[in-house]
Amino acid sequence: MPCIQCGWCCRQYRGFHWAKEPDLLRWHREGRRDILQYVAAGRNPDGTVRTAADLAEAELSSMDPATSWTDPVTGIALEACPFLVKVDPSRYVCAIHPTKPAVCRDTNTWEWGLGRYGPWGCPASPP
Ligand code: SF4
Ligand code: SF4
């Protein structure tokens, strides 16, 4: 598709990602603790943040779907996706593109059209 990598859709969604069980299990199998650490999973008895990187496969299966990326230390929801990388003044890329969440992979922003997003809509949308 004619995506120009402006990064608008990822910036618009900020920290929201709706990681679901298949995403969590895939990252677990792939050893992607660097991704799983951004998914909060409650608190440890000592009050420190527990993340999906600390969970076993069975625990990941029973987790509620995460609705935002969270800071691995504070557990607070992030305002931006930690994997969006600005590579030049007008171009962004996804640092985890091969294994990004299904919601990112399957959302065809250009098909939603300008009406959905108003004047800030996806520039790859048909007129
Ligand atoms: S808003 Fe459209 S053109 Fe910009 S990165 Fe997203 S899909 Fe690509
Ligand atoms: S994971 Fe990748 S595709 Fe999804 S919001 Fe972040 S940068 Fe965008």
Side-chain angles (χ1 to χ4, degrees):
M1 300 306 292
C3 171
I4 61 170
Q5 297 182 306
C6 72
W8 178 88
C9 49
C10 298
R11 286 181 285 131
Q12 173 74 9
Y13 292 128
R14 305 193 309 166
F16 300 114
H17 71 117
W18 297 281
K20 294 189 174 165
E21 182 184 343
D23 297 314
L24 298 171
L25 293 177
R26 183 178 69 257
W27 295 331
H28 183 78
R29 281 195 308 272
E30 294 172 346
R32 297 302 301 263
R33 292 181 57 86
D34 59 323
I35 302 175
L36 290 167
Q37 68 173 340
Y38 285 100
V39 179
R43 297 253 165 200
N44 294 309
D46 65 1
T48 56
V49 171
R50 199 164 189 232
T51 76
D54 304 320
L55 302 185
E57 193 165 332
E59 295 173 294
L60 290 171
S61 295
S62 60
M63 252 186 94
D64 288 335
T67 53
S68 65
W69 297 117
T70 47
D71 184 288
V73 175
T74 67
I76 294 172
L78 297 175
E79 296 209 346
C81 176
F83 304 111
L84 183 63
V85 179
K86 191 173 191 173
V87 291
D88 69 37
S90 60
R91 197 166 68 88
Y92 293 77
V93 297
C94 173
I96 59 168
H97 180 71
T99 192
K100 62 188 176 185
V103 66
C104 300
R105 187 191 63 225
D106 298 338
T107 300
N108 298 335
T109 310
W110 51 87
E111 291 178 354
W112 293 9
L114 291 170
R116 178 98 182 194
Y117 295 125
W120 300 280
C122 169
S125 294

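Both counts, for ligands and for their atoms, begin at 1 and track the order of listing. Treat the numbers as computed from the prediction; the structure is a model and nothing was measured.
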Query raised in the report: Identify the closest protein heavy atom to atom 3 (S) of ligand 1: which residue and atom is it, and at what distance?
Result: Ile4 N, 3.5 Å
Query raised in the report: Going by the atom numbers of ligand 2, which of them fall below 4.0 Å from some non-hydrogen atom of Leu84?
Result: 7 (S)
Query raised in the report: Salt bridge between Lys20 and Asp23, side-chain N to carboxylate O under 4.0 Å?
Result: no
Query raised in the report: Taking Asn44 for the side chain and Asp46 for the main chain, is one N or O donor matched with an acceptor at less than 3.5 Å?
Result: no
Requested in this report: Give the atoms of ligand 2, by number and element, whose distance to some non-hydrogen atom of Phe83 is under 4.0 Å.
Outcome: 7 (S)
Query raised in the report: Can you list the ligand 1 atoms lying under 4.0 Å from a non-hydrogen atom of Cys9?
Result: 1 (S), 5 (S), 6 (Fe), 7 (S)
Report summary line: Residues Gln5 and Val93: closest non-hydrogen pair is NE2-CG1, 3.8 Å
Query raised in the report: Does CZ belonging to Arg33 count more than 12 external heavy atoms closer than 6.0 Å?
Result: no
Query raised in the report: Does one hydrophobic cluster hold both Phe83 and Leu78, with members joined at side-chain heavy-atom distances below 4.5 Å?
Result: yes
Query raised in the report: Any idea which atoms of ligand 2 are less than 4.0 Å away from a heavy-atom of Lys100?
Result: 3 (S)
Query raised in the report: What's the shortest distance from atom 2 (Fe) of ligand 1 to any protein heavy atom, and which residue and atom give it?
Result: Cys122 SG, 2.3 Å
Query raised in the report: When you measure from the side chain of Arg29 to the backbone N and O of Glu57, does any donor-acceptor pair fall under 3.5 Å?
Result: no
**Report entry** The one among Cys10, Cys94, Gly7 that brings a heavy atom closest to atom 5 (S) of ligand 1
**Finding:** Gly7
Query raised in the report: Counting N and O atoms only, with roles assigned by atom type, does the side chain of Arg26 sit under 3.5 Å from a partner on the main chain of Lys100, one being a donor and the other an acceptor?
Result: yes
Report task. Look at atom 4 (Fe) of ligand 1 and say which protein heavy atom is nearest, naming residue and atom and giving the distance to 0.1 Å. Result -> Cys6 SG, 2.3 Å
Query raised in the report: atom 6 (Fe) of ligand 2: which of Cys81, Ala102, Ala80, Cys104 has the nearest heavy atom?
Result: Cys81
Report task. Without swapping roles, check the side chain of Thr70 against the backbone of Ala40 for a donor-acceptor pair under 3.5 Å. Result -> yes
Query raised in the report: Nearest to atom 7 (S) of ligand 1, what protein heavy atom do you find, and at what distance?
Result: Trp110 CE3, 3.7 Å
Query raised in the report: Considering only protein heavy atoms, which is closest to atom 8 (Fe) of ligand 1, and at what distance to one decimal place?
Result: Cys3 SG, 2.4 Å
